[in-house]
Every structure is written in structure tokens, then in C-alpha cells.
Amino acid sequence: MRRAGRCGGGVANKRISVVSLYTRFRQSLDTVLDQLVAAGTLPADADRAGITVEPPRDPSHGDLATNAAMVLAKPARTSPRVLAEAIAAGLTAIADVEAADIAGPGFINLRLAPTVWAEELRTIAQEREDYGRSGIGAGKTVNIEYVSANPTGPMHMGHCRGAVVGDALADLLAFAGHKVVREYYVNDAGGQVDTLARSAHLRYREALGEDIGEIPEGLYPGDYLVPVGKLLADAYGDRYVAAPVAEWLAEFRTRTVAAMMDMIRADLALLGIRHDVFASEAELQAAGKPDDAEAWLRARDLVYDGVLEAPKGETPEDWEPVELPLFRSSRFGDDQDRPIKKSNGSWTYFGADLAYHYQKAQSADELIDIWGADHAGTVKRIKAAVAALTEEKTRFDVKLVQMVRLLRAGEPIKMSKRSGNFVTLADVVGEVGKDVVRFTMLTRKADAQMDFDFAKVVEASRDNPVWYVQYAHARIASLHRKIGELGIALTTPDLARLNEAELAVVGLAAQFPRIVESAAVSREPHRIAFYLGDLAAAFHALWNMGNDDPALRMIVEADPVLTATRLFLADQIGQVIRNGLKLMGVEAAEELN
RNA sequence: GCGCCCGUAGCUCAGUCGGAUAGAGCAUCGGAUUCCUAAUCCGGAGGCCACAGGUUCGAAUCCUGUCGGGCGCACCA
């Protein structure tokens, strides 16, 4: 089941040629600080990690702001404002800086020459789909495990959000320079896959003409197993109809799991998701990986034979103390030690999962798991296991994704697992489309609950961010059509003619690289969605100015130079929107209908 | 009982590894617009960032406690 080939995923690793505007000024600032060190104003060993160069919250403060003086005042044994004077003097000498003012408790606000923004626009035009690419992850391999739905049926909406968040995060980290491995853990070893095989056996008999009646309680009732039954009937004829379970169970299990995985892969493909590695729990066990991990841990006294404490709260009636091999997860922050084997000698889910993470850590510098919030209770033990097995050298994050409530006309859709009546991912994608599903899943922090209303996500209005961002892009595309119809002969843009409002939108577009970096560092792909909403809003506001004053329209027929300039601006905004949408796996619309 | 996540405008939510006067959409209020650069636009009001302490130049953000909400709590997966 495990695929050997490892491809980089949707976004390839490329080297970036140009550092972002903010990074560039951060470097200039460092040069100024070096000069102050040489002059004896600053100690050489002062920690500069807390220094930021970012856009000020209030645009009237200027184009860039730095907190350097406040961070360094203490090591320099002086007041922030005095130090700010010295730093500001150095910054003023930089060519693109028109003014450096000191404000508030010691901020230094920089006002940049308008040519800086014009230049940034050209940078976007040059780098095109690479604009925003970062090198912060260079040299690091990140393994991200997501979806990992049990191979017992098709994907339903419960899996959808984790799939989208994981995939977008993988794209984001790749864009930020990491080597990314996208992995799916196939839980094909537990009792549930035996149940699956039994359920398939029933369908197999049905395919051979038997009336199987109601599906008994405890077996999977869904009709997605009907074709599997036919498949098995074709493969085996009536050989296993009356045979003892032991004779067919293993073979039926393998074939049915394979069929389920084909189905899941097809579901994922509907969302544009493809994993690099499918890791089989059964193969992991067959290869003795959990035994290896156990031996390694026992040698360090991190696994011992002990008796489990009674569960907290209400003690179940059938609870009995038994001796089991326990991992000392309490040494690494867990509340209690956790069994890695069951009393029947087989591995617990945790025992196998621990070995699986050990294996992943062999070939990655950092690990990320995307889990549903219902597994929150097991985060501590797996983090403890990774800490122990990697001797705390591998960064490991578990991102919890909260549930999505499906609504139709404001009313929650009722789902019942028992009857097999759940809303499948394929249904939802079929109804509203891949792009709407993906974007919507990223319009909220992963750990916040979310409503998905079938009506609202396709609504053409201001308060639907999916539509609003697409609309901005479509408007930009429409400019080209319109200019063609009008037969305007475009000239070379004259970026000196950009007005203040337009330059402000460029400033927002120029933030894209740092938004990418901050989203990658904090592992929060939703930030891209919110940013695109802001950028789209700024562009729409610009566009709407043309309603009141025709001289402010994007297309001014009498002035081909101005039109070319504004088109150039609009195209670059469109480019940034496309780059952002691509990170979310959403296609940019050329036209809305 | 314990653990995890959360508590920001009337509602739904953002908030940059701690920064300046905490932001957006909806709803509300006040204006504009009948336009095809379409599926409205502009503006106002609205806040003890649950509460109380602490850390420091500076806290919605970090720490502790309290209150309130959600989820989880045997060898299941």
C-alpha cells in the first residue's frame, strides 16, 4: 500500500531571486545597527530577534515601522527615544527612505519614496506566480499527515475540513521553501477492517444471488460495498460462500481495503488532493516496527510492564486491573502512562501509531499531524512518544480541526451513521464545486467551529468572501476584454501617474510575501483567505471610485497611458490574488455567471 | 473529578512569534444611486477584548487563579 515515489506536491520547490520588501528593509536596518555597534552606541551582543519591520496599523504613520529602538534600549542602557534618534538618522541615509520619524514610545516610522511601490509592482510582474515565494523553510523537510480516514467507506464531510486544511498547509509550506511530504496513514489493521471484510462477504453472497435481508447490527450497511461484493464474486466465484471465516477473512480484508482506498483517493481527487505516501498500518506491523520501537524504549526504561489506573470519573462496571506494557508518557507531560499492547497481545492503536511516527521522523526534520478535534484527548500521548523517540529533536505539531456543521436554509442537516445516511464529500463537491468547498473551509481558524451553509457559500454578495475574491479577479480579467472591444491602443505604463489610493493598494499587495511567511510559520493557512478578502475589498473600493468620478475609472478611453498604467496595476493585483488562491488550491475565475 | 480547545461590537469572526487610537462583514442608523465598470456605493454609531491578579518600557496576545461554553477521559480506531 505504501507508495515509494515522493513528488514535491502541487507547488514545486524553487529558489527565489528577490527578497521581499520587508526583508530588504530589515537588512538595511541591520546595517544601520552594525554602524551603531561600531560607533559604540550599541553592544555587539544585543539580541535582535525581537526586532520587526512591518506596516504600521495606521497608514498615516507612514509606510514602514520598526520597534528596534524599544527592543534595544535596555541592552544599550539608554531610553528608547534617544536610541531612536540615532537609528532614525542612519535610516534617513537610505536612498528609498524619504523620512524617518519617531513616534509614541519609540517607534520609528519610515515614509518611502513612491518609486518604491512602483518598483514593487514591477517585481510582481517579473516574478509572476513566484511572487511571495519564500526561503524560510529552505533545507527543511516537513512531513504532513492529513486525512487518514479509516478505509471503511467513502469520505464524508467530517473528513473534508482536515483534508483541505492539510493540503493547503502543505502547499503553503512548500511555497515557503520547505520540502514537503504529504502522507496518509491507512488504518488497515484493527478490528474495524475485519468488520469491513465481513460486511463485504455479505455483499459477496448477495452478488451471487443470495437474499441477505437486513444488514445485521455491527456490520457496515452502506451500499458502497455492493460493487465490492460483485468484484469478489467475479474473483472467487462461490468458493467462499460457505467456507469458514478464517479461510477468506485475510483475502477479503485486503481486497476490500484496497477498494475502499481507491474510492477515497477518487474522493480526494475531487478536491484536488493527492498524497505522496500511503503508509499501511498492517505493513508497519508486519515489518515489526512496533516491536523495534518497544525494544528501543524498553532499553531506556520508557516502556515497562505495569497496571493501568482506573479511568477517571465514572469507573466502568467491567473494569479490571491488568498488567500491560506501558509507555511512560507521563514523563513527557501526559496525565498517565499509556498501554502499547492489549491484553490479547496485539498492538493498541497507540502502540502502532507511536512506531509510525518514529518511522516518519527518520526522514523528516519536522512532523505535522492534522486531526479531528474528537481526538484531542490523545494528543499528549503521541507528542510524548515523539519527544521520547526523537529525543526531543524533532518539531512535532498536532493541528486539531474542529467539526463543520452542515446547514441547509439555516437548518442543521441531520445525519445518522447507523443508517449510513451521512453527507458524503462527493455530494457536497458535486453540489457547490471544489473551489467553494476549499475556500470556505479556510475562512475560519482550524480550531474554531464552523458552519457550512449550502445557500450562503454560493451566494453572490459582499458577505460571501469566496464570491467576493473571485469577483475581484473576474473584474480584472474583464478589463482586457473591455479594452479589446473598445480598441484602445495600449502604451507603456507610466507608474508615476499612480494616485495615492492606488499606491495604497500596491502597499497591501506588497504584504503578500510576509503574509505567506507568517502563515507558514504559524501553520495557519486561513490567513491567506482573510488576506485575499482584504485585498479584494481594497481593489473593489478602488474600482468603485470610478462610479462617482469617471476620471478614476480603470479605463479612461481618452488617456491610453493612464489606462495602460491602471491596467498594469490591476493585473498585478490579479496576480497576487491568483497566487493566494493557488495556495488554497482554488482556481481563479476569469468570469462569473 | 481530570485534561484539551475556546470566551473580542447586537450576530458571525479577524487580530502579525507582546506594539501606537483593538479591526472587518452582517444587522442598525444617516446619506447617495436606477447606474450596466452588473450582481449597489459612501459614511456614522456601536468595546471594561469574560473576570481578578502577575510578568515589562508596553498585554486581547505570555503566566496564575476564578467564572462561563464546547470536546474528550480504560486494552476502541
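None of the values given here were measured: they were computed from a predicted structure. The figures that follow rest on heavy atoms only: side chains count, while hydrogens, waters and symmetry mates do not. Throughout, protein chains are lettered first and strands after them, A, B, ... in sequence-line order, and every chain is numbered starting at 1.
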- Ring-base stacking, A:His526 with B:A14 (5.5 Å, 30° cut-offs):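 Stacking between A:His526 and B:A14: absent.
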
- Could you say whether the aromatic ring of A:His375 and the base of B:G72 stack, counting only centre distances under 5.5 Å and plane angles under 30°?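 By the stated criterion, A:His375 and B:G72 do not stack.
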
Among [options], which is the nearest nucleotide to the side chain of [X]?
X        : options             : result
A:Asp335 : B:A77, B:A39, B:G3  : B:G3
A:Phe107 : B:C5, B:C42, B:G19  : B:G19
A:Arg444 : B:A20, B:C5, B:U12  : B:U12
A:Val71  : B:A77, B:G19, B:A38 : B:G19
A:Lys342 : B:A77, B:G19, B:U16 : B:A77
A:Asn547 : B:A74, B:A38, B:G19 : B:A38
A:Lys74  : B:C57, B:A14, B:U16 : B:C57
A:Ala448 : B:A20, B:G25, B:A14 : B:A14
A:Asn150 : B:C13, B:A39, B:A77 : B:A77
A:Lys380 : B:G25, B:C4, B:A38  : B:C4

- Distance-only donor-acceptor test (3.5 Å): side chain A:Ser343, base B:C75: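 Such a pair is found, so the answer is yes.
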
Round to the nearest Å and state the distance from [X] atom [atom1] to [N] atom [atom2].
X        : N     : atom1 : atom2 : result
A:Trp371 : B:A77 : CH2   : P     : 15 Å
A:Glu557 : B:U37 : CD    : P     : 11 Å
A:Lys482 : B:U37 : NZ    : P     : 4 Å

Using atom types as modelled, flag every donor-acceptor pair under 3.5 Å from a side chain in residues 69-79 of chain A to any protein atom, sequence neighbours excluded.
residue: A:Ser79; atom: OG; partner: A:Val82; partner atom: N; Å: 3.3

- Query: What stems involve RNA chain B, if each pair must be Watson-Crick or G-U and both of its distances must be under 3.5 Å, with 3 or more such pairs in a row?
  - Reply: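 Stem segments, range with range: B:1-7 with B:67-73, B:10-13 with B:23-26, B:28-32 with B:40-44, B:50-54 with B:62-66.
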
Could you tell me which residues satisfy ring pair (Phe, Tyr, Trp, His ring centres under 6.0 Å) with [X], sequence neighbours excluded, listed by chain and number?
X        : answer
A:Phe396 : A:His357
A:Phe452 : A:Phe454
A:Trp467 : A:Tyr471

- Should the ring pair A:Phe175 and A:Phe512 be called parallel, tilted or perpendicular, given that the plane angle runs from 0 to 90° and is split at 30 and 60?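 Because their plane-to-plane angle lies in the 30° to 60° range, the rings of A:Phe175 and A:Phe512 count as tilted.
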
Taking atom [atom1] in both [N] and [M], compute the distance separating them and give it to the nearest angstrom.
N     : M     : atom1 : value
B:A60 : B:A14 : C1'   : 12 Å
B:C26 : B:G44 : P     : 15 Å
B:C2  : B:A24 : P     : 42 Å
B:C11 : B:C73 : P     : 31 Å

- Query: Can you tell me how far the CZ atom of A:Phe350 sits from the CD1 atom of A:Ile382, to the nearest 0.5 Å?
  - Reply: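 One gets 5.5 Å once the value is rounded to the nearest 0.5 Å.
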
- Item | salt bridge (charged side-chain N to carboxylate O under 4.0 Å, His left out) pairs, two or more places apart, involving residues 521-547 of chain A |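 Passing the test, one end in residues 521-547 of chain A: A:Glu366-A:Arg523, A:Asp397-A:Arg523, A:Glu524-A:Arg527.
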
- Query: Touch check for A:Pro339, heavy atoms < 4.0 angstrom, all strands: base, sugar-phosphate only, or nothing?
  - Reply: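 Sugar-phosphate: the residue A:Pro339, judged by heavy atoms under 4.0 Å, touches backbone atoms but no base.
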
